[in-house]
Amino acid sequence: MPPKIRELIAELERSGFINRGGKGSHRNFNHPKGSQPVRISGKAGDDAKKYQIKQVQEALEEVKGK
């Protein structure tokens, strides 16, 4: 079963990403060491899509590597 959107958001926030807001159901997360913002769309209780999970994993790896 895929993780929920709220779980992806919690992972990003634990790693130091800051929610910069967004429009509608979109949220933009930035990290001081990250090169690209991470955009998450959907309601908190929705299942995360495969591309969202991959995007969050890549962003977390990038930040941990620096």
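Values in this document were obtained by computation on a predicted structure and should not be read as measured data.
Checked against side chain to side chain contact (heavy atoms under 4.5 Å, CB included), Glu7 has the following partners two or more places apart in sequence or in another chain: Pro3, Lys4.
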Side-chain donor-acceptor pairs of residues 8-20 under 3.5 Å, sequence neighbours excluded:
from, atom 1, to, atom 2, distance (Å)
Ser15, OG, Glu11, O, 3.2
Asn19, OD1, Gly21, N, 2.9

What donor-acceptor contacts under 3.5 angstrom involve side-chain atoms of residues 36-44, with partners at least two apart or in another chain?
none

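Here the closest heavy-atom approach between residue Ala48 and residue Pro2 is recorded as O-CB, 3.7 Å.
From Lys50, atom NZ reaches atom NZ of Lys54 across 11.5 Å, with rounding to the nearest 0.5 Å.
With Gln52 contributing its side chain and Lys49 its backbone, the two residues share a donor-acceptor pair below 3.5 Å.
Residues Phe29 and Arg27 meet the side-chain proximity criterion, which asks for heavy atoms closer than 4.5 Å.
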